[in-house]
Number of protein chains: 2
Amino acid sequence: MRPSEAPTLEEVARVAGVSRSTVSRVINNLPGVSKRAKVAVDQAITELRYVPNQAARNLVTRRTNSIALVVSEHGDRVFSDPFFAKILRGVYAGMADSRRQLVLLMDQTRDDSTLADYLCGGHVDGAIVVSLHGRDPLPARLVSAGLPAVLVGRPLADVEVPYVDSDNLAGSLAAARHLVGLGRRRIASIAGPADMAVGIDRLAGWQRGMAEAGRPDDLVAYSDFSVDGGAAAMAELLEEHPDIDAVFAAADIIAVGALRTLSERGKRVPEDVAVVGFDDSVLATTTTPKLTTVRQDIEELGRTTTARLLAQLSAEADLPRSLLLPTRLVVRESA
Amino acid sequence: MRPSEAPTLEEVARVAGVSRSTVSRVINNLPGVSKRAKVAVDQAITELRYVPNQAARNLVTRRTNSIALVVSEHGDRVFSDPFFAKILRGVYAGMADSRRQLVLLMDQTRDDSTLADYLCGGHVDGAIVVSLHGRDPLPARLVSAGLPAVLVGRPLADVEVPYVDSDNLAGSLAAARHLVGLGRRRIASIAGPADMAVGIDRLAGWQRGMAEAGRPDDLVAYSDFSVDGGAAAMAELLEEHPDIDAVFAAADIIAVGALRTLSERGKRVPEDVAVVGFDDSVLATTTTPKLTTVRQDIEELGRTTTARLLAQLSAEADLPRSLLLPTRLVVRESA
DNA sequence: CTGAAAGCGCTTACAG
DNA sequence: CTGAAAGCGCTTACAG
């Protein structure tokens with residue numbers, strides 16, 4: 001970049017009539033600089049349009065001032081999933097004051113090992129890992145390499161990595177209790193993928209709710225996070241249990257599919273079947289009837305994860321291992 | 001990171017029994033290394049789990065091996081806009097083979113000047129700028145600083161920056177001709193924002209189509225890229241010109257709004273009013289009737305822009321200043 | 001084909 | 001409060 005044009009700290013020192021040490025102190029806001037020297041340096045900096053060379057800085061400080069956002073998911077889903085977009089927004093908001101840069105990494109580009117090598121190769125000071133799928137070996141590798149990392153979402157593998165997650169269990173428990181409280185007798189659930197913590201936890205919450213109320217907890221069908229998946233799961237449930245009068249879907253998008261099937265089968269919502277979703281996404285208010293759902297704040301999830309990582313990087317003491325963010329039931333029309 | 005644990009090139013040299021120069025040559029695949037030396041070095045590298053220090057490398061080579069993706073848009077739109085997600089996917093795909101990293105920057109964090117300073121401060125080797133809005137001063141600043149940059153989308157300001165864009169004019173001209181060919185007499189357009197190249201170009205294409213056919217080109221209403229905007233613009237058009245029998249909307253999302261208004265007014269599509277959109281987004285096939293629209297490949301836009309930048313970074317000669325990607329009409333049911 | 005040496009632009013003890 | 005000096009870990013002419 002602009003070979004010899006770029007002024008160095010050395011030149012600033014010369015222009016300001018001080019030593020390199022002093023210039024460095026001014027730049028880094030270190031104490032022990034006379035006002036006179038500071039003024040001279042500041043003036044020289046603006047005069048020369050000096051910008052510190054980041055590489056030289058990194059080399060000596062052994063820090064890069066950048067953190068990685070690793071989206072541990074192959075293929076297309078990442079980009080089309082609004083979840084990712086919200087996380088990104090939260091991460092960005094969380095970094096706003098930190099003067100750090102965000103390096104985006106997805107392992108569609110590099111294979112897992114290359115990705116880990118890269119992360120551990122001193123390119124970044126820390127990593128935020130969005131673990132969308134099952135038991136990824138990456139977190140364990142980061143830990144063993146000593147790279148500060150925080151996960152978005154509870155990992156399935158039993159690794160000693162801090163994570164931040166929505167309180168999925170409490171949220172789905174609240175949904176279950178709501179349906180019980182409505183006097184529903186045959187309460188089913190369309191669970192999310194069984195290989196994702198988010199699927200497991202939301203199912204567990206519903207199961208606990210059923211157990212509390214002395215209801216059976218085996219009216220379950222599984223679905224991926226798609227409308228069609230939800231529709232198929234709902235059809236499956238109705239096939240086996242035509243008397244179902246309530247269903248808790250592990251995501252709004254699944255609930256949308258369930259609504260479609262119910263409508264096709266001539267079931268009225270909520271009169272015949274009450275439906276509760278999860279997420280409180282934009283979908284929730286565009287359906288007819290509007291969806292009762294469990295609200296989670298995904299952007300906050302990204303922000304908190306970032307804050308947790310930054311705190312760790314500043315070596316703050318007594319950091320909580322992991323955090324759960326509250327979820328709450330939003331009652332609308334469907335249940 | 002891992003203070004003194006990380007092995008250096010020096011240690012690799014010692015273990016391999018060669019000089020640092022030789023190790024460096026092996027690492028960088030430079031010619032002039034005996035097979036014997038190469039084997040010894042490779043072995044030492046794996047033995048020590050050596051990873052080159054990027055900062056040291058950057059310092060001496062004056063390159064960072066990273067490029068910036070600058071999303072020049074404040075606030076929330078970026079993240080919720082599927083356009084951005086597709087661009088990101090394309091950019092990522094375009095970088096797949098390049099061993100470079102992507103640094104994501106949005107000026108919601110840093111003010112414009114800080115952003116430009118950062119970009120020109122030697123942090124990145126080049127920049128891809130997604131210019132979603134009007135006449136951003138950023139491209140000009142990058143050019144004057146000598147930072148290689150390529151824009152996604154034609155800039156409004158007259159700067160000497162290469163850009164890659166969809167051929168919006170040809171696409172909307174095709175749409176206009178299609179409506180004319182259908183025998184429609186009163187053809188309107190809902191244009192996009194007048195301060196965005198994409199809005200201007202799509203309107204221009206439609207106008208040219210009208211001119212060709214000797215039709216008036218003043219049946220125009222403006223809208224932002226939203227359903228509600230499209231609905232309002234359609235209402236406005238019908239108010240002033242109740243005899244409209246065709247409308248070209250500058251985006252599918254606008255067309256969706258138009259369809260809503262037409263349906264509310266009891267107008268049948270395409271019998272009473274033919275509708276053509278732009279984008280061929282997912283929306284196009286979920287509407288009733290399915291949307292005739294102009295297809296653009298946004299992911300390809302991101303990929304091509306990235307390829308253009310990488311070519312520039314490798315100092316390839318005779319690069320085209322800018323590129324237009326083809327668009328084509330996809331005829332479905334609405335026109 | 002190989003190595004000794006200079007140097008990239010900073011920060012950081014250290015001595016004053 | 002200030003400066004001279006060492007050193008971070010590489011690459012790159014240069015000389016052999």
Side-chain angles (χ1 to χ4, degrees), chain A residues 1-42 44-45 48-66 99 120-125, chain B residues 1-42 44-45 48-66 99 120-125:
Chain A
M1 260 11 42
R2 299 147 302 140
S4 47
E5 299 171 35
T8 68
L9 189 147
E10 177 102 45
E11 301 176 51
V12 174
R14 192 166 45 227
V15 170
V18 298
S19 71
R20 301 202 316 240
S21 313
T22 298
V23 176
S24 179
R25 287 185 193 105
V26 171
I27 290 170
N28 295 292
N29 266 315
L30 259 35
V33 179
S34 67
K35 179 157 286 176
R36 215 173 73 80
K38 178 167 165 41
V39 170
V41 170
D42 282 337
I45 286 176
L48 295 173
R49 301 180 127 266
Y50 169 74
V51 181
N53 178 306
Q54 199 57 41
R57 239 176 184 171
N58 294 349
L59 178 57
V60 54
T61 60
R62 307 186 149 284
R63 301 198 311 126
T64 65
N65 284 320
S66 67
R99 278 211 141 317
C120 304
H123 289 77
V124 296
D125 298 333
Chain B
M1 252 32 22
R2 297 149 302 137
S4 46
E5 298 172 35
T8 68
L9 190 147
E10 176 102 47
E11 301 175 49
V12 174
R14 192 165 47 225
V15 171
V18 298
S19 71
R20 302 200 317 238
S21 312
T22 299
V23 177
S24 179
R25 288 186 192 104
V26 172
I27 290 170
N28 294 293
N29 268 315
L30 259 34
V33 180
S34 67
K35 179 156 288 177
R36 214 172 74 80
K38 176 167 166 42
V39 170
V41 170
D42 281 337
I45 286 175
L48 295 174
R49 302 178 126 270
Y50 170 74
V51 181
N53 179 307
Q54 199 58 40
R57 240 176 184 171
N58 294 348
L59 178 57
V60 53
T61 60
R62 306 185 150 284
R63 301 198 312 126
T64 65
N65 284 318
S66 67
R99 276 212 140 319
C120 304
H123 290 76
V124 296
D125 297 334

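Throughout, a chain's letter reflects where its sequence line sits, starting with A, and its residues are numbered from 1.
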Quiz item: When you look at B:L48 and B:V15, which way does the side-chain contact (heavy atoms from CB on, under 4.5 Å) test go after all the steps?
Solution: CA-CA 9 Å; B:L48 295 174; B:V15 171; 3.9 Å; yes
Quiz item: For DNA chain D, what are the stems built from at least three Watson-Crick or G-U pairs in a row, each pair having both distances below 3.5 Å?
Solution: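 Detected stem regions: C:1-3 with D:14-16, C:5-12 with D:5-12, C:14-16 with D:1-3.
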Could you state the [atom1]-[atom2] distance from [X] to [N], rounded to the nearest angstrom?
X     : N      : atom1 : atom2 : result
B:N58 : D:dC8  : CG    : P     : 18 Å
A:N29 : C:dT11 : CG    : P     : 12 Å
B:R57 : D:dT12 : CZ    : C1'   : 14 Å
B:L30 : D:dT11 : CG    : P     : 9 Å
B:R14 : D:dC10 : CZ    : P     : 13 Å
B:L59 : C:dG7  : CG    : P     : 14 Å
B:R63 : D:dC10 : CZ    : P     : 17 Å
A:I27 : C:dC10 : CD1   : P     : 7 Å

Exercise. Give the intermediate values and the outcome of side-chain contact (heavy atoms from CB on, under 4.5 Å) for residues A:N53 and A:T8.
Key: CA-CA 8 Å; A:N53 178 306; A:T8 68; over 6 Å; no
Quiz item: Does OP1 or OP2 of D:dT11 have a side-chain N or O of B:N28 closer than 4.0 Å?
Solution: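 Checking D:dT11 against B:N28, a side-chain N or O does come within under 4.0 Å of OP1 or OP2.
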Quiz item: Are any of B:S24's side-chain N or O atoms less than 4.0 Å away from OP1 or OP2 of D:dT11?
Solution: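 Yes, within the criterion.
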Quiz item: Of B:V51 and A:K38, whose nearest nucleotide on DNA chain D comes first from the 5' end?
Solution: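 The answer here is A:K38.
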Of all the nucleotides listed ([options]), which has the minimum atom distance to the side chain of [X]?
X     : options               : answer
B:Y50 : D:dC10, C:dT11, C:dT2 : D:dC10
B:T61 : C:dC10, C:dT2, D:dT11 : D:dT11
B:N53 : D:dC10, C:dT2, C:dC10 : D:dC10

Identify the pairs formed between an N or O of the protein and an N or O of nucleotides 3-5 of chain D at a distance under 3.5 Å, and give each distance.
unit_1: D:dG3; atom_1: OP2; unit_2: A:S19; atom_2: N; d: 3.0
unit_1: D:dG3; atom_1: OP2; unit_2: A:S19; atom_2: OG; d: 3.2
unit_1: D:dG3; atom_1: OP2; unit_2: A:T22; atom_2: OG1; d: 3.0
unit_1: D:dG3; atom_1: N7; unit_2: A:R25; atom_2: NH1; d: 3.4
unit_1: D:dG3; atom_1: N7; unit_2: A:R25; atom_2: NH2; d: 3.4
unit_1: D:dG3; atom_1: O6; unit_2: A:R25; atom_2: NH2; d: 2.3
unit_1: D:dA4; atom_1: N6; unit_2: A:S21; atom_2: OG; d: 2.4

Quiz prompt | salt bridge (charged side-chain N to carboxylate O under 4.0 Å, His left out) involving A:R20 - partner list, sequence neighbours excluded | solution =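 Applying salt bridge (charged side-chain N to carboxylate O under 4.0 Å, His left out) to A:R20 gives A:E10.
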Self-check item: Euclidean distance, A:L9 CG relative to A:R57 CZ, rounded to 0.5 Å
Solution: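 Rounded to the nearest 0.5 Å, the CZ-CG separation comes out at 9.0 Å.
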Quiz item: Does a side-chain heavy-atom distance below 4.5 Å link B:T22 with B:S19?
Solution: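 Answer yes - side chains close enough.
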